[in-house]
> 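Below are the structure tokens for one structure; questions will follow.
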Amino acid sequence: SQTIHQWPATLVQPVGSPLSLECTVEGTSNPNLYWYRQAAGRGLQLLFYSVGIGQISSEVPQNLSASRPQDRQFILSSKKLLLSDSGFYLCAWSKRGWGPTNEKLFFGSGTQLSVL
Amino acid sequence: GIQVEQSPPDLILQEGANSTLRCNFSDSVNNLQWFHQNPWGQLINLFYIPSGTKQNGRLSATTVATERYSLLYISSSQTTDSGVYFCAVEGMADRGSTLGRLYFGRGTQLTVWP
């Protein structure tokens, strides 16, 4: 079965420091990968998605970047964190292709990031 | 992008009660999913249901695509049902231009008391 791992679970960083959050998926090949952020107030916002190694699409301009160095690895980074980067970051995956067996989205356990 | 509205925003129930959560969306959809976020933040996929009706135990969901809404039914609620329920959709207009781009509603916070 497929599993998704995300770490760390919590992170407290000072303003201006760098960030690296990692996500890996096991048990599947060529997944679509996503980074979401959940700010206070519950809504989830798509930040980045990737359909393959080195292929990254950004949904909103921001202080963050994403990379996919391997097929099942997705990394969220920042060179200098801002206070507004605080939030709950969730990695997700889905199978490649359309249709009910492929389009379901599965989430990791999330990283609570506090920028102080 | 497509707009997603969920109601009610908050719901408090006694254990054993039934409830209905609603999701309205502003355009035709290819993809609609319901998720449950537990108090620890984990999001679990409940249903993939762009149309029709599905049931899984005490939970069932119905999407009336032509009228642009979906309903999630929880019967005989338990304390473990507490958390936030999200509806997420992908609009037909987005198919082909973006991949799996789900727009999330703001969720319904469900609290079930023993």
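Just so we're on the same page: letters track the sequence lines, and every chain starts at 1.
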> For A/F106, does its backbone N or O pair with a side-chain atom of B/N45 as donor and acceptor, under 3.5 Å?
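Between the backbone of A/F106 and the side chain of B/N45 there is no qualifying donor-acceptor contact (under 3.5 Å).
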> How long is the straight-line distance from CG of B/L102 back to CG of A/L46, given to the nearest 0.5 Å?
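Rounded to the nearest 0.5 Å, the CG-CG separation comes out at 8.5 Å.
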> Heavy-atom pairs under 4.5 Å with chain B - which of A/G108, A/S57, A/A92 has more of them than the others?
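Option with the top pair count is A/G108.
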> If I measure from the heavy atoms of chain A, does B/Q109 come under 4.5 Å with its side chain, its backbone, both, or neither?
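Contact with chain A involves both backbone and side-chain atoms of B/Q109.
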> Group every Ile, Leu, Val, Met, Phe, Trp and Tyr by side-chain heavy-atom contacts under 4.5 Å, then state whether A/L83 and A/L21 land in the same group.
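A/L83 and A/L21: one cluster.
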> Sort by residue number and list every member of residues 56-82 of chain B having a non-hydrogen atom under 4.5 Å from chain A.
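So far as heavy atoms go, nothing in residues 56-82 of chain B approaches chain A to under 4.5 Å.
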> Would you say A/L11 and A/Y89 are hydrophobically clustered, going by side-chain heavy atoms of ILVMFWY under 4.5 Å?
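Yes, A/L11 and A/Y89 fall within the same hydrophobic cluster.
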> Could you list which of residues 5-12 of chain B have a heavy atom closer than 4.5 Å to any heavy atom of chain A, in residue-number order?
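Listed by number: B/P9, B/D10.
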> I'd like to know if the side chain of B/Q42 reaches the main chain of A/F107, judged simply by a donor and an acceptor atom lying under 3.5 Å from each other, with no hydrogens or angles considered.
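Yes, the answer is positive, given that a donor and an acceptor are paired below the 3.5 Å cut-off.
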> Quick one: CG on A/L44 to CG on B/L43, what's the gap to the nearest 0.5 Å?
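Between A/L44 CG and B/L43 CG, I get 6.0 Å after rounding to 0.5 Å.
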> If you count heavy atoms of other groups shown closer than 6.0 angstrom to CH2 of A/W7, is the number above 12?
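Result for CH2/A/W7: enclosed.
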> I'd like to know if A/I4 and A/I56 are part of one continuous hydrophobic network [Ile/Leu/Val/Met/Phe/Trp/Tyr, side-chain heavy atoms within less than 4.5 Å].
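Cluster IDs for A/I56 and A/I4 match.
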> As a quick check of understanding, evaluate side chain to side chain contact (heavy atoms under 4.5 Å, CB included) for A/Q45 and B/Y103, giving each step before the final call.
CA-CA 8 Å; A/Q45 180 184 40; B/Y103 288 85; over 6 Å; no
> Roughly how far apart are B/F86 CZ and A/Q38 CD, rounded to 0.5 Å?
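CD of A/Q38 is found 4.5 Å from CZ of B/F86.
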> Are A/V15 and A/L19 joined in one hydrophobic group, where the rule is that I, L, V, M, F, W and Y side chains link up if heavy atoms are under 4.5 Å apart?
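The answer is yes; both residues are in one hydrophobic cluster.
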> Indicate if A/Y36 and A/I75 have the same hydrophobic cluster label, given that clusters are the connected sets of ILVMFWY residues with side-chain heavy-atom separations under 4.5 angstrom.
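The answer is no; the residues belong to distinct hydrophobic clusters.
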